[in-house]
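We count ligands from 1, going down the list as the structure has it; atoms in each ligand are counted the same way.
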Amino acid sequence: MTGTNRGGEVSIRDLSKSFTLGGRKLAVLRTLNLDVRSGECLVIVGASGSGKTTLLRILAGLEAADSGGVAIDGKPVHGVGAERAVIFQEPRLLPWLTVLGNVAFGLEVRGVAKADADERARFYIALVGLAEFADAWPSQLSGGMAQRVGIARALTVQPEILLLDEPLGALDAMTKIGMQEELARIWSEENVTMVMVTHDLEEAIYLADRVLILPKEKGGAARLIDVDLPRPRDRSESRFVRYREELLREFGLH
Ligand SMILES: Nc1ncnc2c1ncn2[C@@H]1O[C@H](COP(=O)(O)OP(=O)(O)OP(=O)(O)O)[C@@H](O)[C@H]1O
Ligand SMILES: [Mg+2]
């Protein structure tokens with residue numbers, strides 16, 4: 001069940017998006033060009049309001065671009081698609097279904113027979129370390145556990161591309177580090193393309209092949225930083241620390 005995903009290449013071409021706020025036009029994304037490789041982990045950072053969620057929503061097909069666009073494996077994106085799964089900051093589990101029910105749900109609505117759906121769901125529940133909680137109710141889970149259910153639910157439909165908007169943002173520092181390690185492991189085992197938004201620079205360096213920095217000033221250009229470090233990554237290693245300093249400088253904080 002693992003390691004069989006190919007594809008999941010994303011190309012973003014001359015992508016622009018603005019919103020109208022109080023009668024004024026606000027340019028959020030300006031002619032962004034970027035290719036995300038199949039199986040790559042791209043992490044998006046940027047100041048609050050720089051357009052991270054907007055970009056992710058356009059990739060998910062939940063929001064339309066004003067001009068330019070996104071193609072996945074050469075096919076233009078129009079709306080949501082089965083090759084993409086989205087993980088939000090809050091997992092939004094269905095309270096009337098167990099962990100197993102929540103994870104299997106996406107397969108069942110796609111017409112997969114219940115026994116098959118349950119079997120696949122159990123595989124991913126085990127992958128996120130919750131095998132013993134398959135029959136628990138969402139209200140019985142901690143925040144980190146609920147988020148892991150959300151991740152299992154997204155993986156169960158075997159997307160080529162996983163889109164994550166601050167998936168660990170609501171977790172405490174210790175749980176967060178454990179979940180970052182888990183995400184890194186799942187990403188490499190599932191061979192999935194990951195595009196993730198975070199405001200945690202250390203998390204960005206821990207996970208990313210490349211970090212995309214969205215400009216704060218609307219006239220500014222987006223920047224890409226290659227994180228050329230072996231995995232699993234060591235947060236205390238000097239090169240890791242240097243990347244962190246480089247990102248802090250980008251934000252004018254160092
Ligand atoms: N539906 C909308 N209507 C009007 N303006 C919007 C809409 N969605 C986003 N915006 C505006 O677009 C800009 C970018 O918003 P976005 O949510 O993409 O930022 P972000 O980088 O995700 O910020 P944060 O780090 O706070 O989550 C903001 O100025 C916001 O006010
Ligand atoms: Mg956001």
Side-chain angles (χ1 to χ4, degrees), residues 10-34 36 41-70 72 77-80 84-92 143-144 146-147 150-151 154 159 161-173 175-176 179-180 183 193-208 210-225 227 243-244 246-254:
V10 182
S11 63
I12 300 169
R13 287 289 171 275
D14 296 326
L15 183 72
S16 295
K17 177 75 182 175
S18 47
F19 290 107
T20 308
L21 265 182
R24 274 184 55 214
K25 196 172 151 195
L26 176 73
V28 178
L29 299 169
R30 282 220 198 156
T31 54
L32 182 68
N33 282 286
L34 175 70
V36 188
C41 179
L42 178 87
V43 176
I44 304 167
V45 299
S48 179
S50 59
K52 304 181 295 296
T53 295
T54 301
L55 175 56
L56 206 77
R57 286 175 56 82
I58 292 172
L59 294 177
L62 297 167
E63 190 91 64
D66 295 342
S67 59
V70 178
I72 290 174
V77 162
H78 297 292
V80 298
R84 282 159 285 154
V86 189
I87 297 175
F88 299 99
Q89 184 168 1
E90 301 293 338
R92 302 176 195 173
Q147 194 53 292
I151 293 168
I161 302 168
L162 211 48
L163 303 166
L164 309 99
D165 193 357
E166 303 204 31
L168 312 182
L171 303 178
D172 67 89
T175 309
K176 199 177 191 182
M179 291 281 289
Q180 287 165 359
L183 265 186
T193 306
M194 241 168 56
V195 179
M196 174 168 142
V197 169
T198 185
H199 59 253
D200 181 329
L201 300 182
E202 184 175 303
E203 180 169 294
I205 301 160
Y206 187 77
L207 289 168
R210 289 185 297 167
V211 179
L212 175 71
I213 305 161
L214 292 183
K216 190 179 165 80
E217 312 307 333
K218 292 308 170 201
R223 271 207 60 196
L224 269 171
I225 292 183
V227 183
Y243 276 112
R244 196 165 165 277
E246 185 177 347
L247 280 184
L248 281 170
R249 263 197 308 276
E250 286 288 330
F251 286 91
L253 296 171
H254 198 72

Subject >> For atom 26 (O) of ligand 1, the protein heavy atom that lies nearest, with its residue and separation >> reply: S48 OG, 2.6 Å
Subject >> More than 12 heavy atoms of other groups within 6.0 Å of R210 CZ >> reply: yes
**OP:** Find all atoms of ligand 1 within a distance of less than 4.0 Å from any non-hydrogen atom belonging to T54, and give their numbers and elements.
**Re:** 14 (C), 15 (O), 16 (P), 18 (O)
Subject >> Residue, atom name and distance, where the atom is the protein heavy atom closest to atom 17 (O) of ligand 1 >> reply: T53 CB, 3.6 Å
Subject >> Min side-chain heavy-atom separation S48-H199 under 4.5 Å >> reply: no
Subject >> Residue pair V10 / V70, side-chain heavy-atom distance below 4.5 Å >> reply: yes
Subject >> Heavy-atom side-chain proximity of I44 to V195 below 4.5 angstrom >> reply: yes
Original post:
How about M196 and I87: do any of their side-chain heavy atoms sit closer than 4.5 Å?
Top reply: no
**OP:** Considering only non-hydrogen protein atoms, determine which one is nearest to atom 25 (O) of ligand 1 and report residue, atom name and distance to 0.1 Å.
**Re:** K52 NZ, 2.7 Å
Original post:
Do I58 and I12 come within less than 4.5 Å of each other through their side chains, counting heavy atoms only?
Top reply: no
**OP:** Kindly determine whether D200 and K176 satisfy side-chain contact (heavy atoms from CB on, under 4.5 Å), including the steps that lead there.
**Re:** CA-CA 10 Å; D200 181 329; K176 199 177 191 182; 3.0 Å; yes
Original post:
Does a side chain donor of either Q89 or E166 reach within less than 3.5 Å of an acceptor in the other side chain?
Top reply: no
Original post:
Is there any N or O on S50 that sits under 3.5 Å from an N or O of ligand 1?
Top reply: yes
Original post:
So what's near the Mg ion (ligand 2), protein N, O or S atoms under 2.8 Å?
Top reply: T53 OG1
**OP:** Identify which of S18, A27, G49, A47 has a heavy atom lying nearest to atom 19 (O) of ligand 1.
**Re:** G49
Original post:
Is the shortest N/O to N/O distance between F19 and ligand 1 below 3.5 Å?
Top reply: no
Original post:
Which residue and non-hydrogen atom of the protein lie closest to atom 31 (O) of ligand 1, and at what distance in Å?
Top reply: L21 CD1, 3.8 Å
**OP:** Report the part of D165 (side chain from C-beta onward, or backbone N, CA, C, O) that has a heavy atom under 4.0 Å from ligand 1; answer both or neither where that applies.
**Re:** neither
Original post:
Less than 4.5 Å apart, any side-chain heavy atom of L34 and any of L42?
Top reply: yes
Original post:
With a cut-off of 4.0 Å, which atoms of ligand 1 are near a heavy atom of G51?
Top reply: 14 (C), 18 (O), 19 (O), 20 (P), 21 (O)
Subject >> Member of V36, L15, L163, I72 meeting the side chain to side chain contact (heavy atoms under 4.5 Å, CB included) criterion with L59 >> reply: L163
**OP:** Check the pair N33 / R13 against side-chain contact (heavy atoms from CB on, under 4.5 Å), numbers first and verdict last.
**Re:** CA-CA 5 Å; N33 282 286; R13 287 289 171 275; 3.7 Å; yes
**OP:** Report the C-alpha separation of I225 and I205 in whole Å, then their side-chain angles, then the decisive distance to 0.1 Å, and conclude whether the side-chain contact (heavy atoms from CB on, under 4.5 Å) test is met.
**Re:** CA-CA 10 Å; I225 292 183; I205 301 160; over 6 Å; no
Original post:
Just heavy atoms, cut-off under 4.0 Å: does L26 contact ligand 1 by side chain, backbone, both, or neither?
Top reply: side chain
Original post:
Which atoms of ligand 1 have any heavy atom of V28 under 4.0 Å away?
Top reply: 12 (O), 13 (C), 14 (C)
